[in-house]
Student: 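Could you have a look at this structure, given as structure tokens, before my questions?
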Amino acid sequence: MSENFEKIWQNCLAVIKDNVSLQSYKTWFEPIRPVKLQDKILTIQVPSQFFYEWLEEHYITLLKKTIKKELGTDGKLEYSIIMENHVKNASPYTVKVPTANRKALRNDPVSMPVDISANPIKNPFIIPGLRKVNVDSNLNPNYSFENFVEGDCNRLARSAGYAVANKPGGTAFNPLLIYGGVGLGKTHLVHAIGIEIKNRFPSKTVLYVSSEKFTHQFIDAVKNNNTNDFIHFYQMIDVLILDDVQFLAGKQKTQDVFFHIFNHLHQSGNQLVLTSDKPPVEMQGVEQRLLSRFKWGLSADLQIPVLETRIAILQKKMYADGIELPKEVVEYLAYSIITNIRELEGALISLIAQSSLNKKAITLDLARQMIDKFVRNTAREVSIDYIQKVVCDYFDLPIELLKSKTRKREVVQARQIAMFFSKKMTKSSLANIGMHCGGKDHATVLHACRTVNNLQETDKTFRSYLEDLEKKLSIH
Ligand code: ADP
Ligand code: MG
């Protein structure tokens, strides 16, 4: 009975795809290759030992379920692990374990892959007298994993970073490229990786450097005729963290030298961690050969945190600094500043400074004035979320009701008012406003705006509602 193992794996993948996020699917399942099926044992090939461990740790239940579905209760899964650390033509190493039997693997010396990275080739060029331990890592101790709030916006990047910190150079994530907009935590996260590695492996040489500094150092080296020293210095780093690589765009010579350093470090099994404000495909002015190397490992993005995460970040910061603020003030900040965590923190700091200089209590009013003065115009726009919250507080309705589809009279009215103010005070499209307010379409929003306008003219009580709300919402 020769079943088609590829077909079987395709079937498994179809089930898996429905059960994990697209990002996880691409990261963890697309790179897997089915190898054979024998005696109800399906063998799959994974790119690394780390990959195998990750699958066993995070997806074991799902894998077991799908295998059982395809092969019956006595179906088993076997991993074939491609040897890490760049041994060309090495045949894949097979670990004979049924799923969920990781312990057995650990205790079975015969099954353990040989770690050939233990004896890396020594760099013959290391500058005599320059001891590795003397390298200052340039890490900011405040940017630790403990201080980094986890959320959906950063989960993949954070866990990949953590995995790298546990096994620098020994995971499939080499290089690890973290990308995302300004102020979303790229620098913080890569520092956290560096700090964690330093804690776990004190003898490893970790270096954090901004691309700007790297470029200037290189230019100086060229001027002073010691580019070789420059290159050799970077080639002996175990974990190189290069921040904001987009800065290298258009700088041909610096890219060249980084290309060689990258290759050397990567081939020696050393870890590279990079950040950028955009994904590799969108980096212009960076050479293709470099871009293609950036894609060798894992690119993970940081997204804009949702409201709850923004509040959690503010709370963590307040806790660290021993500050207490009224809940409404914290919420107001988190509602008002959306796209940039640095600005969010900046607003918090300005607020505290303001209040201590003027000896005023930190109130919602003070927060409003401050936001008005200190935060850049773009970030100052009230958000639909904030409008909904103010409207719901005013009418004492739970916000979930407003976002639901219910047609209860008092909810419908509050929802229409929220739509009306969203139209008036934000740049959102009608469709977007509708989506936020109970999944309505743009026609419904338009109708709501008309209704509110009409009532405003004919109904005195209604008009006073609007005036109250307008006051609450205006940030002047
Ligand atoms: P980027 O390098 O992406 O421009 P940074 O790493 O400098 O952003 O982050 C800006 C500020 O926001 C830093 O003070 C950082 O500590 C803070 N920050 C960003 N993300 C988080 C997070 N998830 N948890 C806590 N603080 C964060
Ligand atoms: Mg940064």
Side-chain angles (χ1 to χ4, degrees), residues 137-165 175-196 206-216 240-249 272-280 282-283 294 298-323 325 330-331 333-353 371 374-376 378-379:
S137 293
N138 274 326
L139 294 167
N140 176 349
N142 292 326
Y143 284 169
S144 60
F145 272 115
E146 289 84 66
N147 292 340
F148 191 78
V149 174
E150 188 175 352
D152 283 340
C153 56
N154 60 36
R155 189 153 289 126
L156 177 73
R158 189 188 171 283
S159 49
Y162 201 71
V164 161
L176 174 62
L177 173 68
I178 311 278
Y179 66 91
V182 177
L184 292 184
K186 301 182 293 295
T187 298
H188 186 145
L189 184 55
V190 296
H191 273 267
I193 296 170
I195 292 168
E196 189 71 19
V206 177
L207 180 68
Y208 167 88
V209 64
S210 69
S211 295
E212 193 175 352
K213 189 165 171 197
F214 180 87
T215 305
H216 289 313
L240 179 61
I241 303 169
L242 188 65
D243 204 359
D244 291 318
V245 287
Q246 78 277 357
F247 185 82
L248 302 182
L272 289 125
V273 180
L274 312 168
T275 77
S276 156
D277 66 354
K278 37 181 112 49
E282 288 169 26
M283 273 185 229
F294 292 173
L298 178 76
S299 308
D301 65 335
L302 293 178
Q303 287 166 355
I304 293 169
V306 296
L307 179 70
E308 289 73 19
T309 311
R310 298 201 295 274
I311 292 178
I313 289 172
L314 283 176
Q315 283 167 339
K316 183 143 228 165
K317 182 96 188 130
M318 284 157 47
Y319 184 79
D321 295 354
I323 312 156
L325 287 185
V330 177
E331 285 180 352
L333 291 179
Y335 272 112
S336 314
I337 304 173
I338 297 163
T339 55
N340 185 326
I341 301 171
R342 189 176 302 126
E343 280 187 0
L344 191 59
E345 287 186 353
L348 180 69
I349 293 162
S350 313
L351 189 57
I352 294 158
I371 293 254
F374 286 84
V375 179
R376 269 195 256 129
T378 48

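Positions are given from 1 along the sequence. Start at 1 and go down the list; that is how both ligands and their atoms are numbered.
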Student: Among Lys317, His191, Arg158, Lys186, whose heavy atom sits nearest atom 1 (P) of ligand 1?
Tutor: Lys186
Student: Which ligand 1 atoms are under 4.0 Å away from a heavy-atom of Asn154?
Tutor: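 Reading through ligand 1 atom by atom, the close ones are 23 (N).
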Student: Do any heavy atoms of Gly183 fall under 4.0 Å from ligand 1?
Tutor: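 Heavy atoms of Gly183 do come under 4.0 Å of ligand 1.
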Student: Report yes or no: does Cys153 have a heavy atom closer than 4.0 Å to ligand 1?
Tutor: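 No heavy atom of Cys153 comes that close to ligand 1.
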Student: Examine the proximity of ligand 1 to Lys316 and report which part, side chain or backbone, both or neither, has a heavy atom under 4.0 Å away.
Tutor: neither
Student: Out of the candidates Asn138, Leu207, Val206, only one should pair with Ile241 under the side-chain contact (heavy atoms from CB on, under 4.5 Å) rule; please name it.
Tutor: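 Running side-chain contact (heavy atoms from CB on, under 4.5 Å) over Asn138, Leu207, Val206 with Ile241 returns exactly one hit, Val206.
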Student: Roughly how far apart are Phe148 CZ and Glu150 CD, rounded to 0.5 Å?
Tutor: 9.0 Å
Student: Could you work out, for atom 5 (P) of ligand 1, the closest of Ser144, Gly185, Gly181 by heavy-atom distance?
Tutor: Gly185
Student: Is there a side-chain contact between Ile352 and Ile323, using heavy atoms and a 4.5 Å cut-off?
Tutor: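 Ile352 reaches Ile323 side chain to side chain.
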Student: Using a 4.0 Å heavy-atom cut-off, say whether Val149 meets ligand 1 through its side chain, its backbone, both or neither.
Tutor: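 Within the 4.0 Å criterion, Val149 contacts ligand 1 through backbone and side-chain atoms alike.
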Student: Under 3.5 Å, is there a donor-acceptor pair between the side chain of Glu196 and the main chain of Ala165?
Tutor: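 Such a contact is absent between Glu196 side chain and Ala165 backbone.
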Student: May I ask you to identify the nearest protein heavy atom to atom 25 (C) of ligand 1, giving residue, atom name and distance to one decimal place in Å?
Tutor: Asn147 O, 3.2 Å
Student: Classify the angle between the aromatic ring planes of His191 and Tyr143 as parallel (below 30°), tilted (30 to 60°) or perpendicular (above 60°).
Tutor: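 Ring orientation of His191 relative to Tyr143: perpendicular.
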Student: So does Leu139 get a backbone contact from the side chain of Ser137, meaning a donor-acceptor N/O pair under 3.5 Å?
Tutor: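 No, the answer is negative, given that no donor and acceptor are paired below the 3.5 Å cut-off.
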